[in-house]
Amino acid sequence: MLDDSVVPGGESIFAWEAIDANAVRITGFRKSGQKVSTLVIPDTIGGFPVTEIGDSAFANSESGMKRLILPRFCVNIGYAAFSGISSLKEIKFADVRKWSQPDTGAELAIGDYAFAGAGILSVVLSETVGEIGDYAFADCSALAFVSFPKTLTEIGKGAFFGDAYLS
């Protein structure tokens with residue numbers, strides 16, 4: 001599969017910031033107007049694990065993103081990170097691992113409004129999703145199927161409000 005997250009020359013398409021000395025947060029695309037059909041968020045950037053997707057990082061993106069593949073060390077998808085992306089149809093959730101102990105599982109928290117208003121058709125949450133924030137998948141009018149993991153400990157209010165899934 002072509003990894004659209006790297007442009008010719010090996011340069012990343014992502015803007016990012018250090019969370020601490022050991023991990024980074026993706027904050028969006030480096031350049032406005034970035035086009036990508038499959039957005040592959042890498043496990044590492046600059047040699048550091050990607051543990052978070054920042055608040056509103058890709059909100060209302062007009063990149064043409066249809067498919068999203070999340071990294072295995074990401075433990076937090078921020079507030080409205082992928083909200084309003086009508087072209088987004090599919091999300092692949094990774095089996096989240098601790099970056100410091102890759103053989104050990106970690107828990108993913110999906111933030112409030114994280115995917116609200118996206119064009120998602122179905123959601124299969126990995127067993128490592130532990131928390132879904134308020135209105136995280138609200139107003140995803142095409143969403144018709146959701147598979148919940150047994151390990152899910154918290155579903156926020158209105159997490160699936162206004163979705164076809166509830167009809």
Side-chain angles (χ1 to χ4, degrees), residues 4-5 12-20 23-43 45 48-94 96 106-126 128-149 152-167:
D4 289 338
S5 66
S12 174
I13 65 170
F14 299 106
W16 56 277
E17 62 190 13
I19 296 172
D20 58 31
V24 299
R25 172 187 304 118
I26 299 282
T27 59
F29 289 120
R30 280 191 31 202
K31 297 178 183 174
S32 63
Q34 179 70 49
K35 298 296 182 194
V36 59
S37 60
T38 298
L39 184 64
V40 178
I41 307 264
D43 291 335
I45 287 185
F48 299 99
V50 174
T51 61
E52 295 184 17
I53 310 298
D55 293 349
S56 302
F58 299 96
N60 301 308
S61 171
E62 295 181 5
S63 65
M65 179 189 326
K66 294 178 184 166
R67 186 169 187 234
L68 170 63
I69 300 173
L70 294 165
R72 68 183 178 141
F73 300 123
C74 183
V75 294
N76 185 40
I77 297 174
Y79 175 91
F82 297 95
S83 66
I85 305 175
S86 59
S87 61
L88 180 59
K89 305 297 181 203
E90 179 185 349
I91 306 166
K92 180 167 179 10
F93 288 91
V96 181
E107 192 172 277
L108 172 63
I110 299 172
D112 296 349
Y113 298 94
F115 295 97
I120 303 164
L121 302 173
S122 68
V123 174
V124 177
L125 299 166
S126 73
T128 55
V129 173
E131 179 183 331
I132 299 174
D134 295 345
Y135 304 99
F137 293 92
D139 296 322
C140 292
S141 59
L143 183 59
F145 175 81
V146 178
S147 173
F148 296 97
L152 186 62
T153 57
E154 184 177 335
I155 299 177
K157 72 177 179 183
F160 295 92
F161 179 80
D163 297 346
Y165 170 71
L166 296 176
S167 302

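Note that the numbering runs from 1 along the sequence shown for the chain.
Looking at L39 and L88, their side chains never come closer than 4.5 Å, going by heavy atoms from C-beta outward. With a 4.5 Å cut-off on side-chain heavy atoms, V36 and F29 count as touching. Annotation: side chain of F137 is in contact with side chain of I110 (closest heavy-atom distance under 4.5 Å).
Across all their heavy atoms, A159 and G133 have their closest contact at CB-O, 3.9 Å. Minimum interatomic distance between A94 and S126 (heavy atoms only, all atoms of both residues): O-OG, 3.1 Å. Annotation for A81 and G54: closest pair CB-O, 3.6 Å, computed over non-hydrogen atoms. Across all non-hydrogen atoms, the minimal contact from G158 to A138 is O-CB, 3.8 Å. Considering all non-hydrogen atoms of both residues, G119 and A142 come closest at O-CB, 4.0 Å. I45 and S12 make their closest contact through CD1-OG, 4.2 Å (heavy atoms, listed as atom of the first residue, atom of the second, distance).
At least one donor-acceptor pair closer than 3.5 Å links the side chain of T27 to the backbone N or O of A15. Judged by distance alone, with hydrogens and angles left aside, the side-chain atoms of T153 form a donor-acceptor pair with the main-chain N or O of G130 at under 3.5 Å. Judged by distance alone, with hydrogens and angles left aside, the side-chain atoms of D55 form no donor-acceptor pair with the main-chain N or O of G78 at under 3.5 Å. Proximity of a side-chain donor or acceptor of D139 to a complementary backbone N or O of A116 within less than 3.5 Å is not detected. Looking only at distances, no side-chain donor or acceptor of D134 sits under 3.5 Å from a matching main-chain atom of D112. For the pair S61 (side chain) and I85 (backbone), a donor-acceptor distance under 3.5 Å is absent.
Note: W16 and F48 have tilted aromatic rings, judged against thresholds of 30 and 60 degrees for the angle between ring planes. Between F82 and F58, the two ring planes are parallel [angle under 30°; tilted spans 30° to 60°].
Rounding to the nearest 0.5 Å places NZ of K35 at 12.5 Å from CD1 of I13. To the nearest 0.5 Å, atoms CD1 (I91) and CZ (F115) are separated by 4.0 Å. Within the model, atoms CG of L143 and NZ of K89 stand 11.5 Å from one another, a figure rounded to the nearest 0.5 Å. Atom CZ of F14 and atom CZ of R30 lie 11.5 Å apart (nearest 0.5 Å). Residue E107 holds its CD atom at 8.5 Å from CG of L152, rounded to the nearest 0.5 Å. The distance from the CD1 atom of I77 to the CD1 atom of I26 is 12.0 Å, given to the nearest 0.5 Å.
When each of I41, V40, I120 is tested with L68 by the rule side-chain contact (heavy atoms from CB on, under 4.5 Å), just one qualifies, namely I41. Partner T38 forms a side-chain contact (heavy atoms from CB on, under 4.5 Å) with one of M65, K92, R67 and no other, that one being R67.
The environment of K66 atom NZ is sparse: at most 12 non-hydrogen atoms of other residues, nucleotides or ligands sit within 6.0 angstrom.
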Candidate pair V129 and F148, rule side-chain contact (heavy atoms from CB on, under 4.5 Å), full reasoning: CA-CA 9 Å; V129 173; F148 296 97; over 6 Å; no
